[in-house]
Protein chains: 2
Amino acid sequence: MTVTFKDVKADLLDKIAQGIMAPGTLMPNEMDLAERYGCARATVNRAMRELADEGIVERKRKAGTRVRKAPIRQARFSIPIVREEIESKGSEYRYALIDRTLQDVPDWLRGRLALKPGQEVVRVVCMHWADGIPYQHEERWINPEIVPAVLEADFSANGPNEWLLAEVPFSNAEISFMAVEATQDLADHMGCFAGNALFRTERTTWLKETAITFVRLTYRRGHRMTTRY
Amino acid sequence: MTVTFKDVKADLLDKIAQGIMAPGTLMPNEMDLAERYGCARATVNRAMRELADEGIVERKRKAGTRVRKAPIRQARFSIPIVREEIESKGSEYRYALIDRTLQDVPDWLRGRLALKPGQEVVRVVCMHWADGIPYQHEERWINPEIVPAVLEADFSANGPNEWLLAEVPFSNAEISFMAVEATQDLADHMGCFAGNALFRTERTTWLKETAITFVRLTYRRGHRMTTRY
DNA sequence: CAGTGGTCTAGACCACATT
DNA sequence: ATGTGGTCTAGACCACTGG
């Protein structure tokens with residue numbers, strides 16, 4: 001059986017976990033490891049590159065590879081579409097549009113989206129339910145310059161999220177997580193009391209330096225966002 | 001100039017972003033692309049593998065590579081050590097131990113950590129300040145079976161987080177984000193009012209199937225956790 | 001069964017950072 | 001100057017899985 005990069009990676013990880021290679025240790029170079037494992041250097045390279053990507057080790061040319069003293073712990077969250085998030089839990093999804101207006105971009109948003117004063121944006125407010133219980137409140141602003149079709153889009157049946165995904169194939173984004181106290185309006189929609197703590201995510205999405213949309217998703221009371229790493 | 005995997009990746013990304021390769025499209029196979037770009041198949045493979053890792057495309061043997069209809073949007077968060085988080089913002093870090101006790105594991109925690117009834121755990125409560133202002137409240141339970149040194153550890157000068165990182169080199173974890181309403185006790189420590197919405201993360205850390213620690217980090221009012229992707 | 005991606009190899013050249 | 005990782009190549013075999 002030939003030695004795979006997964007074998008090498010697993011063995012290195014094991015040595016790190018067992019303390020055989022303590023944090024701060026300088027690891028052997030790729031050529032030596034390749035010889036030791038009886039494989040090609042490329043195989044060792046792949047294993048160590050993945051360890052580096054995961055923040056376990058730190059690689060520098062000439063300096064070599066070290067076990068990180070404080071591993072960069074990183075968590076990966078998948079950002080699902082609400083409908084799928086709800087249906088994957090076996091719940092029934094329901095959607096309703098609350099408001100849809102064309103308005104001058106508010107000042108606080110202008111900075112975020114890097115828009116010109118007086119420019120118009122589409123604001124959409126809607127709700128998502130799981131089994132008839134309020135699940136998520138969505139408030140979104142869309143830049144019609146990039147996505148002119150939004151001016152004709154009808155969000156009464158489907159949320160703007162799925163619609164946008166179809167229109168804008170790929171983009172980069174900045175996302176924030178936070179806790180907020182429910183306003184009276186939010187509380188009415190979410191079926192809780194004003195002042196209750198709610199989990200919120202805010203996301204700005206860009207297509208090559210120009211902002212497409214800013215969205216504020218507020219979850220029902222007690223919601224948790226969970227992941228493993 | 002030779003064609004690098006980054007060139008290939010960037011070009012493919014561009015074609016996807018511009019809609020030339022719309023979501024759902026079946027992409028050419030590696031051999032064809034290699035010929036088209038004038039590079040080796042391994043180069044194309046690396047480019048497409050990274051696109052797959054990032055959730056942009058979907059690869060299946062024999063079926064080929066497709067542009068995802070709904071790209072798996074995923075965010076990566078680095079989980080910093082509080083001290084570094086604060087000092088990297090140019091603020092002065094201060095720490096204080098609030099409480100440290102050896103107690104029977106509470107029922108709600110026993111399930112989480114998969115411990116035996118009546119087993120003892122170390123509970124540590126402490127605070128972290130930035131420039132003298134409350135920044136984060138930490139409440140932590142540690143399993144002394146895995147880390148017996150915790151029984152002698154003195155957390156009066158340094159927090160258990162940094163201490164644990166040095167003791168336990170590598171581990172896997174489950175992390176949750178949520179919003180909570182401040183209890184009176186929390187509010188007193190954080191300098192806010194009871195009932196205020198606070199951002200909290202809870203993390204369970206394991207070393208090979210056995211739980212090491214459960215930690216509850218509550219941030220000051222208005223805290224945001226932000227990342228780009 | 002046949003086509004696709006998954007991986008390994010042996011060798012090579014290069015970029016970079018430490019010395 | 002020199003050693004380390006970063007990457008490309010050309011070829012090969014294999015594993016999976018769709019038709």
Side-chain angles (χ1 to χ4, degrees), chain A residues 1-16 21-72 74 76, chain B residues 1-16 21-72 74 76:
Chain A
M1 191 55 192
T2 83
V3 174
T4 74
F5 79 91
K6 287 182 181 175
D7 295 334
V8 176
K9 186 179 170 185
D11 189 68
L12 291 174
L13 255 182
D14 210 56
K15 285 193 165 51
I16 294 171
M21 285 177 150
T25 305
L26 178 65
M27 303 170 76
N29 68 34
E30 297 188 348
M31 262 183 40
D32 290 350
L33 282 177
E35 193 175 356
R36 202 148 91 196
Y37 285 112
C39 66
R41 182 165 82 97
T43 304
V44 173
N45 179 276
R46 171 100 187 254
M48 303 198 49
R49 180 156 40 80
E50 292 202 355
L51 289 178
D53 286 346
E54 291 164 24
I56 312 290
V57 304
E58 192 176 9
R59 317 196 76 190
K60 268 192 287 196
R61 284 162 152 127
K62 169 76 178 185
T65 303
R66 284 181 184 282
V67 181
R68 276 192 194 275
K69 54 181 194 342
I72 294 185
Q74 43 194 3
R76 282 183 115 177
Chain B
M1 190 53 191
T2 82
V3 175
T4 74
F5 79 92
K6 288 183 181 176
D7 296 334
V8 176
K9 185 179 172 184
D11 188 68
L12 291 174
L13 255 182
D14 211 57
K15 284 192 167 50
I16 293 171
M21 285 177 151
T25 305
L26 178 65
M27 303 171 76
N29 67 34
E30 296 188 347
M31 263 184 40
D32 290 351
L33 282 176
E35 194 175 358
R36 202 147 93 197
Y37 286 113
C39 66
R41 181 166 82 96
T43 305
V44 173
N45 179 277
R46 170 100 187 253
M48 302 197 51
R49 181 155 39 82
E50 292 203 354
L51 289 179
D53 286 346
E54 290 164 23
I56 312 291
V57 303
E58 193 176 8
R59 317 197 76 189
K60 266 191 287 196
R61 283 164 155 129
K62 167 77 178 185
T65 303
R66 284 180 183 284
V67 181
R68 273 192 194 275
K69 52 182 195 333
I72 293 185
Q74 45 192 4
R76 282 184 125 186

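Numbers restart at 1 for each chain; the letters A, B, ... are given by sequence-line order, proteins then strands.
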Over how many whole Å does the gap from [X] atom [atom1] to [N] atom [atom2] extend?
| X | N | atom1 | atom2 | value |
| --- | --- | --- | --- | --- |
| A/E30 | C/dC16 | CD | C1' | 14 Å |
| A/L33 | D/dG5 | CG | C1' | 12 Å |
| A/K60 | C/dT19 | NZ | P | 10 Å |
| B/L26 | C/dG3 | CG | P | 15 Å |
| B/R66 | C/dG5 | CZ | C1' | 15 Å |
| B/E35 | D/dA10 | CD | C1' | 14 Å |
| A/D7 | C/dT9 | CG | C1' | 16 Å |
| A/M31 | D/dG3 | CE | P | 10 Å |

With a cut-off of less than 4.0 Å, is there a side-chain N or O of [X] near OP1 or OP2 of [N]?
| X | N | value |
| --- | --- | --- |
| A/R59 | D/dG6 | yes |
| A/T43 | C/dT9 | yes |
| A/N45 | D/dG6 | yes |
| A/T65 | D/dG5 | yes |

* For atom CZ of A/R76, decide whether the heavy atoms of other residues, nucleotides or ligands shown that lie under 6.0 angstrom number more than 12. => yes

* Report the residue (A/R41 or A/F5) whose heavy-atom-nearest nucleotide on DNA chain C is the more 5′ of the two. => A/F5

* Under-3.5 Å donor-acceptor pair between A/K62 side chain and D/dT2 base -> yes

* Asked: Is a donor-acceptor contact shorter than 3.5 angstrom present between the side chain of A/R49 and the base of D/dT7?
  -> no

* Return the nearest nucleotide to the side chain of B/R61; candidates are D/dG5, C/dG5, C/dA10. => C/dG5

* **Validation row: B/T2, B/C39 side chains within 4.5 angstrom (heavy atoms)** => no

* To do: Indicate yes or no: at least one non-hydrogen side-chain atom of B/P28 is less than 4.5 angstrom from one of B/E35.
  => no

* Asked: Contact class for B/R46 (heavy atom, under 4.0 Å): base, sugar-phosphate, or nothing?
  -> sugar-phosphate

* Asked: Taking the nucleotide of DNA chain D with the closest heavy atom to each, which residue, A/A42 or A/G64, is nearer the 5' end?
  -> A/G64

* To do: List the atom of B/R59, the atom of B/A52, and the distance in Å for their closest heavy-atom pair.
  => CG-CB, 3.8 Å

* Scan B/D11, B/T43, B/D7 and name whichever one has a side-chain hydrogen bond (donor to acceptor under 3.5 Å, both in side chains) with B/Y37. => B/D11

